[in-house]
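Data first, discussion second: the structure below is written as structure tokens.
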Amino acid sequence: MSFRSWALAAFAVTAAAAFEPAHFGHHSHPHAHSIKPRQQGTFDPASKTNVAVYWGQGPNQARLLQTCQNPSVDIVNIGFVNAFPDNSPGGWPGTNFANACGSQTYTHNGVATLMFSSCPDIGPDILACQQIYGKKVLLSLGGAYPLNYYIANDTSANSFADFVWGAFGPSTAAWTNAGNPRPFGDASVDGFDFDIESAMSTPPTDASGKAITDYQSRGYATMINRLKNAL
């Protein structure tokens, strides 16, 4: 089965990273599953009727907070980290959250990256979603545009996991004191959603020039296992 036919999400049960796997449908645009919502509208890990939606790609979208105020929503996937370190300038992943960010991006080793650095409302809204409205907030990797992202090998997969954990997971002094990015400030997402839809007419190549024909699946299991079990 192709990796792009399914998506995985890991929920951080505590800030210390106790993860539980979950399965969501394969989506690229904001919408809810067609199931009856529960009355409370807060995430219940024992429930089979949690409703997940995507937020972050609307050109005129309202703030994340407004999505969380919807009692029919239990889980919000923020999309997307849509460029991966192996195919991004500066070796850092890139993001796109539409009108929620300004045009400024981080610079790494003198190279302008594709990671937006000024998204002032997302961090406070994540905290409000979690603390006031009881939602789980995930960060989604992949998406439907662009489609040229991939992970070159297991080393890249582990490094990518470490990066998204440091940048979007629980904030640590070790991470920030090293000058590493925190696009959402002190806010921490509850986990990561993998919406892998990559598709290229010509497969990418590895360091030796060999085609990565399994680019739609390579490295993702390694990355997920590191996020779930090692961090």
Side-chain angles (χ1 to χ4, degrees), residues 4 7-12 22 24-38 40-43 49-84 88 92-106 112-149 164 167-169 181-199:
R4 64 187 295 241
L8 271 176
F11 298 109
F24 296 127
H26 183 244
H27 306 294
S28 304
H29 306 289
H31 66 283
H33 292 276
S34 299
I35 56 180
K36 184 179 178 181
R38 290 172 296 103
Q40 277 187 308
T42 57
F43 176 73
T49 60
N50 287 303
V51 175
V53 300
Y54 282 81
W55 174 91
Q57 293 295 291
N60 300 304
Q61 66 191 347
R63 285 177 54 166
L64 171 62
L65 181 63
Q66 184 169 319
T67 298
C68 292
Q69 289 171 333
N70 184 339
S72 296
V73 172
D74 306 293
I75 304 160
V76 182
N77 295 319
I78 298 176
F80 289 92
V81 175
N82 64 345
F84 294 179
S88 298
W92 281 4
T95 56
N96 182 358
F97 306 121
N99 64 348
C101 301
S103 60
Q104 304 95 325
T105 61
Y106 288 100
T113 73
L114 299 178
M115 176 176 285
F116 287 102
S117 59
S118 179
C119 310
D121 293 330
I122 297 181
D125 284 2
I126 289 173
L127 293 174
C129 290
Q130 295 165 331
Q131 298 172 5
I132 299 175
Y133 298 102
K135 314 298 184 182
K136 287 294 182 182
V137 181
L138 309 184
L139 180 63
S140 188
L141 282 62
Y145 182 83
L147 295 176
N148 63 335
Y149 50 83
V164 296
F168 300 102
R182 289 287 303 181
F184 303 156
D186 290 335
S188 171
V189 297
D190 293 297
F192 301 91
D193 168 71
F194 288 73
D195 180 27
I196 305 306
E197 305 184 47
S198 54

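Computed from a predicted structure; not experimentally measured. Computed from heavy atoms alone, side chains included, the values below leave out hydrogens, waters and symmetry copies.
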* Asked: For Tyr149, which residues count as a ring-ring contact (aromatic ring centres under 6.0 Å, His included) partner, sequence neighbours excluded?
  ->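 Listed in chain order: Phe84.
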Contacts under 3.5 angstrom, residues 139-148 side chains, donor-acceptor by atom type, not counting sequence neighbours:
residue, atom, partner, partner atom, Å
Ser140, OG, Asp193, OD2, 2.6

* To do: Kindly say whether Leu65 contributes a backbone atom to a donor-acceptor pair with the side chain of Trp55 at under 3.5 angstrom?
  =>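 Side chain of Trp55 to backbone of Leu65, a donor-acceptor pair under 3.5 Å: no, none is there.
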* Sub-3.5 Å donor-acceptor pair from the side chain of Gln130 to the main-chain atoms of Val137, do we have one? ->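 No.
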* Please report the C-alpha distance between Leu64 and Cys129 in whole Å, then the side-chain angles of each, then the deciding distance to 0.1 Å, and finally whether the side chain to side chain contact (heavy atoms under 4.5 Å, CB included) criterion is met. => CA-CA 8 Å; Leu64 171 62; Cys129 290; 4.0 Å; yes
* Pairing residues for Gln66 by the side-chain hydrogen bond (donor to acceptor under 3.5 Å, both in side chains) criterion, not counting sequence neighbours -> none
side-chain contact (heavy atoms from CB on, under 4.5 Å) against [X], all qualifying residues, sequence neighbours excluded:
X	result
Pro120	Ser118
Ile132	Ala128
Asp186	Ser171

Nearest atoms (heavy-atom pairs only) where [X] meets [Y]:
X	Y	value
Ala98	Gln57	CB-C, 3.9 Å
Arg182	Ala187	NH2-O, 2.9 Å
Gly79	Phe97	O-CD2, 3.4 Å

* To do: Report the residue from Thr49, Val53, Val51 that forms a side-chain contact (heavy atoms from CB on, under 4.5 Å) with Asp74.
  =>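 That would be Val51; it is the only one of Thr49, Val53, Val51 passing the side-chain contact (heavy atoms from CB on, under 4.5 Å) with Asp74.
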* Determine the sole option in Leu138, Ile122, Ile126 for which the side-chain contact (heavy atoms from CB on, under 4.5 Å) test with Val189 is passed. => Ile126
Straight-line distance of [X] [atom1] to [Y] [atom2], nearest 0.5 Å:
X	Y	atom1	atom2	result
Asp190	Phe43	CG	CZ	8.5 Å
Asn82	Leu114	CG	CG	8.0 Å
Cys68	Gln131	SG	CD	11.5 Å

* Please collect all side chain to side chain donor-acceptor pair (under 3.5 Å) contacts where either partner lies in residues 93-104, sequence neighbours excluded, each pair once. =>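 Residue pairs with at least one partner in residues 93-104: Gln61-Asn99.
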* To do: Can you run down the salt bridge (charged side-chain N to carboxylate O under 4.0 Å, His left out) pairs that involve residues 124-134, sequence neighbours left out, and say none if there aren't any?
  =>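 Found Arg63-Asp125.
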* Going through the checks in order, is the side chain to side chain contact (heavy atoms under 4.5 Å, CB included) test met by Tyr106 and Trp92? -> CA-CA 9 Å; Tyr106 288 100; Trp92 281 4; 3.7 Å; yes
* **Phe192 ring center within less than 6.0 Å of Phe168 ring center** =>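 No - the distance between ring centres of Phe168 and Phe192 does not fall below the 6.0 Å cut-off.
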